[in-house]
Amino acid sequence: MGKQKKFVEEITPMDEDFAKWYTDIVKKAELTDYSSVKGCMIIRPYGYAIWENIQKVLDQKFKETGHENVYMPMFIPESLLQKEKDHVKGFAPEVAWVTHGGDEELTEKLCVRPTSETLFCEHYAKIIQSYNDLPKKYNQWCSVVRWEKTTRPFLRTTEFLWQEGHTAHATEEEAQKETIDILNIYADFCENVLAMPVVKGQKTEKEKFAGANATYTIESLMHDGKALQSGTSHNFGDNFAKAFNIQYTDKNGELKYVHQTSWGMTTRLIGAIIMVHGDDSGLKLPPKIAPTQVMIVPIALHKEGVTEKALELKDRISKVARVGIDISDKMPGWKFNEYEMKGIPVRLEIGPKDIEKNQVVLVRRDTGKKTFVSIDEIETKVVELLDDIQSSMLNSAREHRDENTYTAATLDEFINIAQNKPGFIKAMWCGDTACEEKLKEVAGVSSRCIPFKQEQISDKCICCGRDAKHMVYWGKAY
RNA sequence: CGGGGCGUAGCGCAGCUGGUAGCGCACUUGGUUCGGGACCAAGGGGUCGGGUGUUCGAGUCACCUCGCCCCGACCA
């Protein structure tokens with residue numbers, strides 16, 4: 001009893017200190033380590049394996065929808081970065097610069113890419129001539145650097161991994177369709193693979209990407225009631241095309257500017273998985289993204305036949321799921337806690353008593369529920385259980401999100417909710433940035449998005465009382 | 001970048017008014033154990049974040065610096 005208490009103390013309870021809980025999980029589950037450069041993290045094998053699974057699923061989706069992977073340089077000459085005015089202005093404060101090669105000062109300093117719009121644009125200007133060259137749908141997996149003031153593992157790091165898609169289209173309509181198609185891919189991915197419900201919508205003028213006409217976002221709600229922007233998709237119109245002179249000849253022989261999009265998802269998603277699903281025992285991974293879906297813990301390993309049986313099970317299950325086995329001489333209880341902390345969806349126990357009865361014990365991480373299953377039907381039972389865990393994790397995340405989404409019809413009500421109930425607040429807005437800024441000031445929340453699914457809560461702006469244009473999701477954000 | 005906190009073994013910590021570093025866990029070896037963090041025995045591991053100063057002597061005092069954590073402003 002006393003011993004068990006001690007283990008629990010290694011992870012700070014989330015209700016006591018959510019931020020501490022988060023960093024405890026990241027460390028204890030061996031997802032990352034700190035490095036000697038501020039804000040840069042080492043992604044350890046277990047953390048990287050999660051990222052690889054994210055990549056695998058998304059990459060396949062991008063390819064299915066006609067995107068090609070490329071690789072752009074890590075450095076951007078200062079002059080190139082400056083070609084699009086809004087874009088530079090947005091990124092300038094967080095750019096890292098290379099000024100020397102060896103001992104020699106460079107004639108032009110190079111920026112370490114914070115994002116690669118300018119590089120793609122420069123390239124597109126060269127390779128696009130005719131409508132036959134369109135659309136161009138490129139994607140790259142890389143890391144980018146943004147000199148952040150405050151950093152936290154996965155949520156905000158100086159260098160982070162991501163994918164950035166960059167496309168060029170003949171028409172505005174096509175570009176808009178691409179922007180929304182990608183947003184839908186992101187949303188489906190979050191819901192179906194990460195078991196994380198999202199709100200799809202558009203960013204306000206104030207919150208949109210530097211240089212874009214429109215930014216679309218998926219917003220998710222963390223366990224502590226703070227919002228996390230989990231993926232964005234931008235429609236650039238012809239802003240960049242004009243700045244970089246990306247033109248093509250259409251069917252009528254007329255010279256036209258292309259219409260562009262860009263979109264990205266990052267390692268921040270791992271932070272989202274932690275904060276949406278985790279509990280006081282540790283990480284809780286949705287089966288579809290878990291590096292190991294089933295962990296076999298044999299009981300009384302030294303007893304006749306246990307190891308053999310466990311290995312045999314591993315072999316069988318490996319045909320239907322990602323399975324691991326722990327045959328170290330640690331105590332079973334130690335292993336139970338360890339793999340719960342690591343969020344492995346299913347634990348399989350097999351001991352002498354089970355072998356006698358031709359059964360195993362399956363324990364699900366999300367609910368802790370144990371079931372006894374005949375060894376004869378192990379493959380189907382494991383697959384069923386993983387499916388069930390996947391969908392019930394989405395359901396409980398959705399319940400949590402809905403329970404923590406409020407509506408406000410008056411400013412008093414709005415402020416009251418903002419200050420006392422962490423979560424999303426739905427409220428009407430006139431569309432004026434001044435009101436958005438005022439709400440930040442008086443209530444401490446920012447606009448998360450103008451959701452596609454609009455509701456009419458009232459007909460006046462919550463802030464100024466003028467006619468409302470949109471219903472907006474508001475909240476505190478990471 | 002402002003306000004607060006913390007840096008001592010892999011992790012968590014102790015180390016008093018200055019006297020040359022310790023505890024628990026982890027690790028290694030051998031043995032016994034195994035259905036919710038086992039036990040016995042024997043071992044290994046430290047430029048006390050870094051620098052400068054005060055002092056006969058600094059983990060301990062002063063100043064500087066770096067890093068981490070938390071709360072705000074900025075951002076994926």
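Scope of the values below: all heavy atoms of this structure, side chains included, with no hydrogens, waters or symmetry mates. Chain naming here is simple, since letters A, B, ... match the order of the sequence lines and numbering starts at 1 in each.
- Applying the Watson-Crick and G-U wobble criteria (two distances, each under 3.5 Å), B:C34 pairs with nothing in any strand.
- Pair assignment for B:G43 gives B:C27, based on Watson-Crick or G-U wobble hydrogen-bonding distances that are each under 3.5 Å.
- Judged by distance alone, the side chain of A:Tyr124 and the main-chain N or O of A:His166 form a donor-acceptor pair under 3.5 Å.
- Taking the P atom of each, B:U8 and B:G46 are spaced 15 Å apart, rounded to whole Å.
- The nucleotide B:C1 finds its pairing partner in B:G72, both defining distances of the Watson-Crick or G-U wobble pair being shorter than 3.5 Å.
- A:Lys208 and A:Asn213 share no side-chain donor-acceptor pair at under 3.5 Å.
- Pairing for B:U20 is absent, with no Watson-Crick or G-U wobble pair whose two atom distances lie under 3.5 Å.
- Taking atom P on both nucleotides, B:C11 is separated from B:G50 by 15 Å, rounded to a whole Å.
- No engagement by A:Thr267 is indicated, since no non-hydrogen atom pair under 4.0 Å with the nucleic acid exists.
- Distance NZ (A:Lys330) to P (B:C25): 15 Å, rounded to an integer number of Å.
- With A:His223 contributing its side chain and A:Gly278 its backbone, the two residues share no donor-acceptor pair below 3.5 Å.
- With A:Tyr186 contributing its side chain and A:Gly264 its backbone, the two residues share a donor-acceptor pair below 3.5 Å.
- The interatomic distance linking A:Ile299 (CD1) with B:A38 (P) rounds to 12 Å, in whole Å.
- Counting to the nearest Å, the P atom of B:A26 and the NZ atom of A:Lys27 are 19 Å from each other.
- At a non-hydrogen distance threshold of 4.0 Å, A:Gly351, A:Pro352, A:Lys353, A:Asp354, A:Val361 from residues 351-370 of chain A come into contact with RNA chain B.
- Donor-acceptor pairing under 3.5 Å is recorded for the side chains of A:Arg448 and A:Ser446.
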Open item on the list: So if I define the base as every atom that isn't primed, P, OP1 or OP2, how would nucleotides 64-71 of chain B read as a B/S/- string at a heavy-atom cutoff under 4.0 Å?
Closed with: ---SSSS-
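- Judged by distance alone, the side chain of A:Asn53 and the main-chain N or O of A:Ile50 form no donor-acceptor pair under 3.5 Å.
- Atom CZ in A:Arg44 sits about 10 Å away from atom P in B:C11, given to the nearest Å.
- In this structure, CE of A:Met331 is placed 12 Å from P of B:U33, rounded to the nearest angstrom.
- With both ends at atom C1', the span from B:U47 to B:A21 equals 14 Å, rounded to whole Å.
- Atom NZ of A:Lys28 is separated from atom P of B:C11 by 11 Å (rounded to the nearest Å).
- The gap from the C1' atom of B:U55 to that of B:U60 amounts to 13 Å, rounded to the nearest Å.
- Of all nucleotides present, none satisfies the Watson-Crick or G-U wobble test against B:A58 with each distance under 3.5 Å.
- Between the A:His259 side chain and the A:Gly237 main chain, no donor and acceptor come within less than 3.5 Å of each other.
- Separating the C1' atom of B:C68 from that of B:G35 is a span of 41 Å, rounded to the nearest Å.
- Using atom C1' as the reference point in both B:C25 and B:G44, the two lie 16 Å apart (nearest Å).
- Rounded to an integer number of Å, the gap from A:Glu30 CD to B:A26 P is 15 Å.
- In this structure, A:Glu94 atom CD and B:A73 atom C1' are separated by 14 Å, rounded to whole Å.
- Checking side-chain atoms of A:Arg316 against main-chain N and O of A:Ile375 turns up a donor-acceptor pair under 3.5 Å.
- Taking the nucleotide of RNA chain B with the nearest heavy atom to each of A:Ser328 and A:Phe160, the more 5' of the two is matched to A:Ser328.
- Using atom C1' as the reference point in both B:C48 and B:G67, the two lie 16 Å apart (nearest Å).
- For the segment residues 269-279 of chain A, the set of residues with a heavy atom within less than 4.0 Å of an atom of RNA chain B is empty.
- Side-chain N or O atoms of A:Lys137 include one that pairs as donor or acceptor with a backbone N or O of A:Thr65 at under 3.5 Å.
- Using a distance-only test at 3.5 Å, with no hydrogens or angles considered, a donor-acceptor pair links the side chain of A:Arg113 to the main chain of A:Ser143.
- Aromatic ring orientation, A:Trp162 versus A:Phe160: perpendicular (interplanar angle above 60°, classes split at 30° and 60°).
- In this structure, the side chain of A:Ser220 engages the main chain of A:Leu228 through a donor-acceptor pair within 3.5 Å.
- Comparing A:Leu155 and A:Pro332 by the nucleotide of RNA chain B whose heavy atom lies nearest to each, the residue mapping closer to the 5' end is A:Pro332.
- When the nucleotides B:G36, B:G35, B:C74 are ranked by their closest atom to the side chain of A:Lys440, B:C74 comes out on top.
- Of the possible polar contacts, none joining the A:Asp388 side chain to the A:Glu384 backbone as a donor-acceptor pair under 3.5 Å is found.
- The side chain of A:Lys149 lies closest to B:C1, out of B:G36, B:C1, B:C34.
- Taking atom P in both B:G59 and B:G72, one finds a spacing of 38 Å when rounded to whole Å.
- Across all strands shown, B:C6 is found opposite B:G67 as a Watson-Crick or G-U wobble partner, with both distances under 3.5 Å.
- A side-chain N or O of A:Ser447 and one of A:Glu436 form a donor-acceptor pair less than 3.5 Å apart.
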